[in-house]
Amino acid sequence: MIQPDSYVRSLLKRSPGETVTARGWVKTRRDSKNVHFVQLNDGSSTTDLQIVIDQGVVPPETIARITTGACLSVEGELVASPGKGQTVELKAVTVTLHGGADPEHYPLQKKKHTLETLREIGHLRTRSNTFGAVFRVRNALASAIHKFFQDRGFLYVHTPIISASDAEGAGSMFGVSTLDPAAGAPDYTQDFFGRRTYLTVSGQLEAEIFAMAFANVYTFGPTFRAENSNTPRHLAEFYMIEPEMAFCDIHGDQDLAEAFLKFQISYVLETCRPDLEFLAKWYDPQLIPTLEAVVASQFERISYTEAIALLEKSGKQFEFPTYWGVDLQSEHERYLTEELLKKPVIVTNYPKEIKAFYMRANDDGKTVAAMDVLLPRIGEIIGGSQREERHDVLQQRIREMAHHGMKEESYWWYLDLRRFGGVEHAGFGMGFERMMMYLTGMKNIRDVIPFPRTPGNAEF
RNA sequence: UCCUCAGUAGCUCAAUGGUAGAGCAUUCGGCUGUUAACCGAAGGGUUGUAGGUUCGAGUCCUACCUGAGGAGCCA
């Protein structure tokens, strides 16, 4: 096992003269008359460690096998590098070749590959510079999220992956069953759980249970949608963060969402600078200035009604017409956040007809206390609301939705939370990979998750 | 799921309906404390699949497969 002081990242910071062992995978080898240069990387750093192997230290037949992709351990002395591009390098004394990578067949070459090609070698793309940077950022982002909530006293709750609630309106769900599909019409009362079950589309309803006991809670786990979505922004399996706060209204909800987004960006700017610089260089030169601008900005907050008014007087021709009562289309959201306001926008108080049943009804009788946070380039990154805490109002709403297949008896425990010690509360959901896209400048969501699950794709 | 575009060497891409090419990678040779090293040579192809039009198809037509972009749904 590599010890903390022996990661490539650590070795690059240590002083000349020390005897160390480096382990990792070869990026490339260059030969000179009396010396071989090997770029070694263990995934801890955007920068490789340069290994210098003098003629005779390693038998020629071993040198020949030290090719791109091979795995090595190298013991030697860290020395000041006379060459450009690095301050220290490792002068090899002992080289152990753990596994070669036949250059005739190893698909990762020391040249630029398209992201589409790398996606098809999902078991090897992790060794590329791009995915090294992406997954270090992903790791840091996950850490930032826990830190943000833990520092505020939020309780981390694991909501179930397998769920019986058919989460009305949340789109198609993956069924979970141990019944033999070949056995004809399924009788779910005989199924593993004695009822129809699904992979969760949201932990929110269960998070509300915890918020009614621990006040401030959050979930961070996988979520599944069986929608046949083929876009650069959708996955069938993705990660979602869902905070839920008791004693919180829609305004507190917005404040938290804004602070949350800014914290994540700041944290990654601080801890992953070299990775962001690499990503900026190859994918989006404006990446870092854009991120810094968001941290410094104050998010625009407008109501749905104001948003519609802004769109109507924009004079812009939209493919879909805008009028009060229709949901905002991608083109509308993009216009608001990218062109008109040029910063993150929080849109609140949507018509109740286009939002979920659990959102708190406003006094106007027409809108609910919903909020969507829109980011330039990404669109909706956060969707949330103040929840309906009034038992009778919620019950009435569920009954109104009966014709959509909602069954009041399925929500008995959810309604119970309003009968016993209910209080105003609010929360939101943030797509983890959407945030990753924003932070890394990656334009396809399949390139910010280790193993993307999309329609027709589950190879790795 | 709908619309649009694309599929040619391991990779990135050329090729007016008329002999299928280059760069990188690979192999071999040369040079060199190198930095996506450099110089030279060689090998490498059922042009996504199946049909069709044509004297002749990588190129035109049809269907299918795969990928990408846009839309819907959303996070």
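Here is the naming used below: chain letters follow the sequence lines, and residue numbers restart at 1 for every chain.
Spacing of P atoms, B/G7 relative to B/A15, comes out at 10 Å, to the nearest Å. When the C1' atom is compared between B/A9 and B/U46, the two are found 13 Å apart, to the nearest whole Å. Taking atom C1' on both B/C28 and B/G43, the two are 10 Å apart, rounded to the nearest angstrom. Using P as the reference atom, B/C55 and B/U66 are 35 Å apart when rounded to the nearest Å. Rounded to a whole angstrom, the distance from the P atom of B/G18 to that of B/C60 is 11 Å. For B/G45 and B/G29, the P atoms lie 23 Å apart once the distance is rounded to whole Å. B/A42 and B/C64 are spaced 39 Å apart, taking the C1' atom of each and rounding to whole Å.
Remark: A/Lys147 engages A/Asp151 in a salt bridge (Lys or Arg N to Asp or Glu O under 4.0 Å) (not counting sequence neighbours). The side chain to side chain donor-acceptor pair (under 3.5 Å) search around A/Arg434 returns none, not counting sequence neighbours. Checked against side chain to side chain donor-acceptor pair (under 3.5 Å), A/Glu277 has no partners two or more places apart in sequence or in another chain. By the salt bridge (Lys or Arg N to Asp or Glu O under 4.0 Å) test, A/Glu312 pairs with no residue at all, sequence neighbours left out. Residues passing the salt bridge (Lys or Arg N to Asp or Glu O under 4.0 Å) test with A/Lys316, sequence neighbours excluded: A/Glu339.
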Between the protein and nucleotides 68-71 of chain B, list every N/O to N/O distance that falls short of 3.5 Å.
unit_1	atom_1	unit_2	atom_2	d
B/A68	OP1	A/Arg119	NH1	2.5
B/A68	OP1	A/Arg446	NH1	2.6
B/A68	OP2	A/Arg446	NH1	2.9
B/G69	OP1	A/Asn444	ND2	3.4
B/G69	OP2	A/Asn444	ND2	3.4

Could you go through nucleotides 26-30 of chain B and list every protein N or O atom that sits under 3.5 Å from one of its N or O atoms, giving the distance for each pair?
unit_1	atom_1	unit_2	atom_2	d
B/U26	O2'	A/Glu104	OE1	2.8
B/U26	O2'	A/Glu104	OE2	2.9

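Contacts of A/Leu108 with the nucleic acid, taken as non-hydrogen atoms under 4.0 Å apart, are absent. Using a 4.0 Å heavy-atom distance criterion, A/Thr223 is classed as making no nucleic acid contact. Residue-level contact check: A/Gln55 touches neither bases nor backbone, having no heavy atom under 4.0 Å from any strand.
Which of B/G33, B/U12, B/C74 sits closest to the side chain of A/Phe37 comes down to B/G33. Of the candidate nucleotides B/C74, B/U35, B/G33, B/U35 has the atom nearest to the side chain of A/Gln39. The side chain of A/Glu380 lies closest to B/A75 when the candidates are B/U34, B/U12, B/A75.
Applying the ring pair (Phe, Tyr, Trp, His ring centres under 6.0 Å) definition to pairs two or more places apart or across chains, those involving residues 435-460 of chain A are A/His123-A/Phe460. The ring pair (Phe, Tyr, Trp, His ring centres under 6.0 Å) pairs that include a residue from residues 37-60 of chain A number zero, where partners must be two or more places apart or lie in different chains. Legend: ring pair (Phe, Tyr, Trp, His ring centres under 6.0 Å) pairs involving residues 329-353 of chain A, not counting sequence neighbours, sorted by first then second residue: A/Tyr304-A/Tyr350, A/Phe318-A/His332, A/Phe318-A/Tyr335.
With A/Phe299 as the aromatic partner, A/Arg301 does not meet the cation-pi criteria of under 6.0 angstrom to the ring centre and within 45 degrees of the ring axis.
Using a 4.0 Å cut-off, some side-chain N or O of A/Ser32 falls inside it from OP1 or OP2 of B/G33. Using a 4.0 Å cut-off, no side-chain N or O of A/Arg434 falls inside it from OP1 or OP2 of B/A75. The side chain of A/Thr117 places an N or O atom within less than 4.0 Å of a non-bridging phosphate oxygen (OP1 or OP2) of B/U12.
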The dot-bracket string of RNA chain B, counting Watson-Crick and G-U wobble pairs with both distances under 3.5 Å, using [ ] for crossing pairs and | for pairs to another strand, is (((((((..((((....[..)))).(((((.......))))).....(((((..]....))))))))))))....
Side chains of residues 237-244 of chain A: which donor-acceptor partners sit under 3.5 Å, not counting sequence neighbours?
unit_1	atom_1	unit_2	atom_2	d
A/Glu242	OE1	A/Gly203	N	2.8
A/Glu242	OE2	A/Ser202	OG	2.9
A/Glu244	OE1	A/Arg387	NE	3.3
A/Glu244	OE1	A/Arg387	NH2	2.9
A/Glu244	OE2	A/Arg387	NE	3.0

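In this structure, A/Phe238 counts as stacked on the base of B/A75 under the 5.5 Å centre distance and 30° plane angle limits.
Looking at A/Glu338 and A/Lys342, no side-chain N of the basic residue comes within less than 4.0 Å of a carboxylate O on the acidic one, giving no salt bridge.
The ring-ring contact (aromatic ring centres under 6.0 Å, His included) with A/Tyr218 is formed by just one residue from the set A/Phe428, A/Phe149, A/Phe210; it is A/Phe149.
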